[in-house]
Amino acid sequence: MAVSNAHSTDGAATPDPAGGAGILVVDDDPTVSEVVAGYLDRAGFTVRLAADGPAALRAAEERRPDLVVLDLMLPGMDGLEVCRRLRARERAAGQHGGQGAVPPVPVIMLTARGDEDDRILGLEVGADDYVTKPFSPRELVLRVQSVLRRAVPAAPAAGPRLAAAGLILDPAARRVSKDGEELALTLREFDLLAFFLRHPGQVCDRERLMREVWGWDFGDLSTVTVHVRRLRGKIEDDAANPRLIQTVWGAGYRFDTHPTPAAPAADPTRTAGREHA
């Protein structure tokens with residue numbers, strides 16, 4: 001069977017049982033799956049396995065996992081498409097559930113490819129992190145633990161709501177809205193926006209963002225670049241001409257809480273009049 005330890009329900013997603021967080025490992029290589037599952041199991045997680053994209057989607061539908069470890073190079077439906085469909089389901093559930101946006105399931109992408117474009121694509125479609133094969137299973141467990149820690153809703157003492165430029169971020173509920181409309185942000189996007197809102201007007205380089213938002217002292221800085229781009233796409237009126245998250249060339253990024261209004265378009269009739277004056 002493609003999926004192990006998955007218990008069918010009446011079609012509705014149900015939470016994993018109490019105890020260790022539920023991890024869905026999706027990889028067509030049984031050796032990789034078994035090794036990863038063994039390390040995660042010893043770390044106290046409840047692990048299910050899927051060998052292809054359709055099986056992964058069925059498993060996630062039957063019981064919502066707490067995190068998905070997803071191989072990019074799957075037969076038939078690749079990991080990028082699986083991630084796209086997971087995110088599309090979450091958006092649809094948020095639109096029709098009547099309870100606001102559904103918190104996205106964290107996804108860690110596994111890739112054997114060395115091409116940076118493939119890693120960036122994974123982040124673009126909504127993955128929270130990636131690990132490149134060959135990898136240390138212990139490192140993967142640490143990444144899983146790190147991502148899950150950020151997925152746990154903050155305690156009420158996490159601080160007051162943060163507000164600027166039509167955005168309202170509630171750290172305790174991990175919810176964000178813009179002009180009264182709730183936004184569906186991934187874990188990293190939420191934490192990145194919270195950091196910017198707590199440090200308005202400051203120029204922050206990518207190394208600092210990686211340390212304070214990701215909790216890593218090293219890593220691929222393109223991860224930060226991609227998440228800034230995705231965040232702009234969700235909070236900016238025009239992501240191609242951002243006014244909130246400004247790029248400070250050679251230095252990093254700055255969040256402007258009082259962005260300068262866009263310049264009005266020139267009046268062609270007045271311009272023409274000056275030309276003929």
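In this text the structure is predicted, and so the values were computed from the model without any measurement. For this chain, numbers begin at 1 and follow the sequence in order.
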- [ ] Please examine the side chains of Arg89 and Arg64, heavy atoms only from C-beta on, and report whether any two atoms are closer than 4.5 Å.
- [x] no
Open item on the list: Which residues pass the salt bridge (Lys or Arg N to Asp or Glu O under 4.0 Å) test with Arg230, not counting sequence neighbours?
Closed with: Glu189
Task: Backbone N/O of Asp27 and side chain of Ser33: donor-acceptor pair under 3.5 Å - done: yes
- [ ] Please answer whether the main-chain N or O of Leu169 pairs with a side-chain N or O of Arg175 as donor and acceptor at a distance below 3.5 Å.
- [x] no
- [ ] Report yes or no: is the cationic atom of Arg198 (NZ for Lys, CZ for Arg) closer than 6.0 Å to the six-membered ring centre of Phe195, at no more than 45° off its axis?
- [x] no
Task: Within-4.5 Å side-chain heavy-atom neighbours: Pro106 and Val68 - done: no
Open item on the list: Taking Pro242's backbone N and O only, do any of them form a donor-acceptor pair with Gln246's side chain (distance below 3.5 Å, no angle check)?
Closed with: yes
TODO: Would you confirm whether Lys234, through its side chain, and Ala184, through its main-chain N or O, come within 3.5 Å as a donor-acceptor pair?
DONE: yes
TODO: Please determine if Glu62 and Arg58 form a salt bridge, counting it only when a charged side-chain N lies under 4.0 Å from a carboxylate O.
DONE: no
Open item on the list: Looking at every non-hydrogen atom in both residues, tell me the closest pair between Ser177 and Gly180 and how far apart they are.
Closed with: CB-C, 4.3 Å
Open item on the list: If we ignore hydrogens and angles and just use 3.5 Å, is the side chain of Glu236 paired with the main-chain N or O of Asn241 as donor and acceptor?
Closed with: no
- [ ] Look only at the side chain of Glu90 and the backbone of Val105, and say whether a donor-acceptor pair between them is shorter than 3.5 Å.
- [x] yes
Open item on the list: Side chains of Leu24 and Leu49, heavy atoms from C-beta outward: is any pair under 4.5 Å?
Closed with: no
Open item on the list: If you apply the rule salt bridge (charged side-chain N to carboxylate O under 4.0 Å, His left out), what do you find for Arg143 with Glu139, and how did you get there?
Closed with: CA-CA 6 Å; Arg143 293 286 186 94; Glu139 177 193 357; 3.2 Å; yes
- [ ] Using the six-membered ring wherever Trp is involved, compare the ring planes of Phe255 and Phe196 and label them parallel, tilted or perpendicular (cut-offs 30° and 60°).
- [x] parallel
- [ ] Any chance you could lay out the side-chain contact (heavy atoms from CB on, under 4.5 Å) test for Leu74 and Asp28, step after step, and finish with the verdict?
- [x] CA-CA 6 Å; Leu74 294 173; Asp28 63 314; 4.2 Å; yes
- [ ] Indicate the atoms forming the closest heavy-atom contact of Leu167 with Leu183, along with that distance.
- [x] CD2-CD1, 4.2 Å
Open item on the list: Between Lys133 and Asp71, is there a side-chain heavy-atom distance shorter than 4.5 Å?
Closed with: yes
Open item on the list: Looking at every heavy atom in both Val176 and Leu193, which two are closest together, and how far apart are they?
Closed with: CG1-CD2, 3.7 Å
Task: Main-chain N/O of Thr223 paired to Arg188 side chain as donor or acceptor, under 3.5 Å - done: no
Task: Point-to-point distance, once rounded to the nearest 0.5 Å, from NE2 of His227 to CG of Asp191 - done: 9.5 Å
TODO: Start with the C-alpha distance between Tyr39 and Val35, add both sets of side-chain angles, then the distance that settles side-chain contact (heavy atoms from CB on, under 4.5 Å), and finish with yes or no.
DONE: CA-CA 6 Å; Tyr39 272 81; Val35 170; 4.0 Å; yes
Open item on the list: Working to the nearest 0.5 angstrom, can you tell me the gap between Trp214 CH2 and Asp129 CG?
Closed with: 9.5 Å
TODO: Mark yes or no for whether Asp128, through its side chain, and Val107, through its backbone, hold a donor-acceptor pair below 3.5 Å.
DONE: yes
- [ ] With rounding to the nearest 0.5 Å, note down the distance linking OG1 in Thr111 to CG in Asp78.
- [x] 10.5 Å
TODO: Tell me, with the steps shown, if Leu162 and Ile168 meet side-chain contact (heavy atoms from CB on, under 4.5 Å).
DONE: CA-CA 6 Å; Leu162 306 171; Ile168 298 177; over 6 Å; no
Open item on the list: Are there over 12 heavy-atom neighbours, none belonging to Arg42, within less than 6.0 Å of that residue's CZ?
Closed with: yes
- [ ] Determine whether Arg243 and Asp256 make a side-chain contact, defined as any pair of heavy atoms from C-beta on separated by less than 4.5 Å.
- [x] no
- [ ] Would you name the heavy atoms of Met109 and Gly79 that are closest together and state the gap between them?
- [x] CE-O, 4.2 Å
Task: Spacing of CG belonging to Leu192 relative to CG belonging to Leu185, to within rounding of 0.5 Å - done: 9.5 Å
TODO: Please say which of Leu70, Leu110, Leu40 ends up in a side chain to side chain contact (heavy atoms under 4.5 Å, CB included) with Val25.
DONE: Leu40
TODO: Compare all side-chain heavy atoms of Asp66 with those of Leu148 and state whether any distance is below 4.5 angstrom.
DONE: yes
Task: Beyond-backbone contact of Leu67 with Ile108, side-chain heavy atoms, under 4.5 angstrom - done: yes
Open item on the list: With rounding to the nearest 0.5 angstrom, report the CD1 to CZ distance, Ile23 to Phe45.
Closed with: 5.0 Å
Open item on the list: Check whether Thr247 reaches the backbone of Trp249 with its side chain - one donor and one acceptor, N or O, closer than 3.5 Å.
Closed with: no
Task: Over all atoms of both residues, closest heavy-atom pair of Pro200 and Thr257 - done: CB-CG2, 3.4 Å
TODO: Provide the closest heavy-atom pair for Ala43 versus Val141 in the form atom of the first, atom of the second, distance.
DONE: CB-CG1, 3.8 Å
Open item on the list: If you define the side chain from C-beta out and look only at heavy atoms, does anything of Cys204 sit under 4.5 Å from Arg254?
Closed with: no
Open item on the list: Between the side chains of Asp237 and Arg232, is the shortest nitrogen-to-carboxylate-oxygen separation below 4.0 Å, so that they form an ion pair?
Closed with: no
Task: Salt bridge flag under 4.0 Å for residues Glu81 and Arg85 - done: yes
TODO: Return yes if some donor-acceptor pair links the side-chain N/O of Arg48 with the main-chain N/O of Ala59 below 3.5 Å, else return no.
DONE: yes
